[in-house]
Amino acid sequence: MATNHLLHSSLLPLQGGINFRDQGGHSGADERKVKSGLLLRAGSLDRLTADDCQHLSQMPLTHIIDYRDIDEVKLKPDVIWQGVQYDNVPANPLTDDVNANFAKLNDEMLAKFDAVDFMSRLYHKLPFDNRAYRHLTTVMMQPESGALVQHCAVGKDRTGIGSAIVLLTLGANRDTVIEDYMLTETTLAPFRNEMMSHLARQLNEQHGIDSLNYVMSAKEVFIGTALKAIDKRYGNTNNWLEQEFGLTAEKRTQIQNKYLES
């Protein structure tokens, strides 16, 4: 995991980071760049080392938002460094189906699992009536809040939608949102390969392995499903931001002035 940061410049140089990267540098409203070091996205923080925590403590981080389900958190609790507020606000609308607690997966459980259908339903539901993302936008609107890291198990699905909310609020276009999402296919690769190697020893049926390979991938159709569902319900993403999260044009401008370079 220590070489993870070599895969892309947005990855933080952390020994125990999983897909831990900075959304700084993306273009937002009026082509202003997102400030570096303020809006971070990641997978689980349970592997962070003492050196990692020392590095993170030097950043102006004030909030960790953990989107994982309670059983995921109990199995792999985050390593928390001094001076940061931790909030666990589950974001998974399909928690009764399956979550990222891979330790409980077995061949019987996955025998009838339809990965394509699951991912379609997940991305249709994640953007709507989700209190985790309301919490995210509330933190972003707080003038006194500093940098934040939002994360789930691998930093792809639940964090992917949260990261899209961040970028769209900052005035980024859809191509930027999709580009940021798809980068996970590269930056998650070391951890995904490690997990799939472990699961291949845990599972005997190829269907289950193939299903999890699909679920662990970052595909444009996934984020595209969410964006299409938003358009169908609200017409456009600005209406979605306003009606789901109270992010009016005025509030989005305030957030942009906070997180975008002048």
Side-chain angles (χ1 to χ4, degrees), residues 8 10 19 21-34 39-43 65 67 89-94 97 100 114-138 140 150-188 214-249 251-253 255-256 259-260:
H8 194 269
S10 64
N19 193 19
R21 51 192 173 94
D22 189 344
Q23 290 188 280
H26 285 301
S27 294
D30 303 318
E31 295 302 311
R32 295 156 65 194
K33 300 293 185 182
V34 179
L39 295 164
L40 308 177
R41 52 174 298 172
I65 305 174
Y67 296 138
V89 193
N92 182 9
L94 300 180
D97 289 28
D114 186 332
V116 175
D117 175 71
F118 174 81
M119 295 304 286
S120 177
R121 288 188 294 119
L122 179 64
Y123 279 86
H124 269 104
K125 291 187 174 185
L126 272 170
F128 308 115
D129 194 27
N130 198 318
R131 71 184 186 94
Y133 302 137
R134 293 195 184 107
H135 180 73
L136 166 67
T137 55
T138 296
M140 292 176 68
Q150 56 174 319
H151 82 87
C152 51
V154 300
K156 181 174 75 76
D157 304 315
R158 293 165 286 189
T159 301
I161 296 300
S163 298
I165 290 170
V166 166
L167 291 174
L168 290 167
T169 299
L170 296 180
N173 61 35
R174 290 195 180 209
D175 288 343
T176 299
V177 170
I178 294 170
E179 176 188 352
D180 182 66
Y181 177 84
M182 289 302 298
L183 182 56
T184 284
E185 185 65 15
T186 297
T187 56
L188 181 60
Y214 184 83
V215 168
M216 287 281 283
S217 65
K219 298 184 182 297
E220 189 168 339
V221 68
F222 296 163
I223 189 67
T225 294
L227 292 171
K228 288 177 182 176
I230 290 165
D231 286 344
K232 183 176 181 179
R233 184 174 299 196
Y234 287 113
N236 58 59
T237 52
N238 283 342
N239 289 341
W240 170 60
L241 292 172
E242 182 166 347
Q243 295 182 48
E244 285 279 343
F245 312 111
L247 295 177
T248 62
K251 289 181 178 178
R252 293 198 301 274
T253 297
I255 293 173
Q256 289 163 11
Y259 291 110
L260 296 178

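Annotation: side chain of Thr169 is not in contact with side chain of Phe245 (no heavy-atom distance under 4.5 Å). Between Leu39 and Leu170, some side-chain heavy-atom pair lies under the 4.5 Å cut-off. For the pair His124 and Lys232, the minimum side-chain heavy-atom distance is 4.5 Å or more. Using a 4.5 Å cut-off on side-chain heavy atoms (C-beta onward), Ile230 and Phe128 make contact. Residues Lys33 and Ser27 meet the side-chain proximity criterion, which asks for heavy atoms closer than 4.5 Å. Between Ile178 and Leu227, some side-chain heavy-atom pair lies under the 4.5 Å cut-off. Residues Ser217 and Glu185 meet the side-chain proximity criterion, which asks for heavy atoms closer than 4.5 Å. Put simply, the side chain of Asn92 reaches to within 4.5 Å of the side chain of Leu122, judged on heavy atoms.
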Please assess Val166 against Val34 for the test side-chain contact (heavy atoms from CB on, under 4.5 Å), listing each intermediate value before the final yes or no. CA-CA 10 Å; Val166 166; Val34 179; over 6 Å; no
Quick one, Thr187 with Asn19, criterion side-chain contact (heavy atoms from CB on, under 4.5 Å). Give me CA distance, side-chain angles, the key distance, then yes/no. CA-CA 5 Å; Thr187 56; Asn19 193 19; 2.5 Å; yes
Does the pair Ile165 and Trp240 meet the rule for a side-chain contact (heavy atoms from CB on, under 4.5 Å), with working shown? CA-CA 10 Å; Ile165 290 170; Trp240 170 60; 3.4 Å; yes
Test log, rule side-chain hydrogen bond (donor to acceptor under 3.5 Å, both in side chains), inputs Asn173 and Thr176: CA-CA 5 Å; Asn173 61 35; Thr176 299; 2.9 Å; yes
side-chain contact (heavy atoms from CB on, under 4.5 Å) assessment of Tyr234 paired with Leu241: CA-CA 9 Å; Tyr234 287 113; Leu241 292 172; over 6 Å; no
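Of all the heavy atoms in Lys125 and Pro93, the pair that sits closest is CB-CG, 3.7 Å. What you find for Leu126 and Asn130 is that their closest heavy atoms are O-ND2, 3.1 Å. Closest of all the heavy-atom pairs between Ala132 and Pro90 is CB-O, 3.7 Å. Of all heavy-atom pairs spanning Thr184 and Arg21, the tightest one is OG1-NH2, 2.7 Å. Heavy atoms only, all atoms of each residue included: Leu136 and Gln150 are closest at CD2-OE1, 3.8 Å. The two atoms that bring Ser10 and Leu183 nearest to each other are OG-CD2, 3.6 Å, heavy atoms only.
Counted within 6.0 Å of CD on Gln243, heavy atoms from surrounding residues, nucleotides or ligands total more than 12; the atom is thus considered enclosed.
Rounding to the nearest 0.5 angstrom, the gap separating the OH atom in Tyr67 from the NE2 atom in His135 is 8.0 Å. Rounding to the nearest 0.5 Å places CG of Asn236 at 10.0 Å from CD of Glu242. Rounding to the nearest 0.5 angstrom, the gap separating the CD1 atom in Ile161 from the CZ atom in Arg158 is 12.0 Å. Rounding to the nearest 0.5 angstrom, the gap separating the NE2 atom in His26 from the OG atom in Ser163 is 8.5 Å. Between Phe118 atom CZ and Asp157 atom CG the span is 7.5 Å, to the nearest 0.5 Å. Annotation: the span from Lys156 atom NZ to Lys219 atom NZ amounts to 9.0 Å, rounded to 0.5 Å.
With sequence neighbours left out, the side chain to side chain donor-acceptor pair (under 3.5 Å) criterion links Asp30 to no other residue.
In terms of modelled atom types and a separation under 3.5 Å, the side chain of Thr225 and the main chain of Val221 share a donor-acceptor contact. The main-chain N or O of Gly155 is found under 3.5 Å from a side-chain atom of Arg41 such that the two form a donor-acceptor pair.
Checked for salt-bridge contact, Glu244 and Arg134 meet the test: a charged N lies under 4.0 Å from a carboxylate O.
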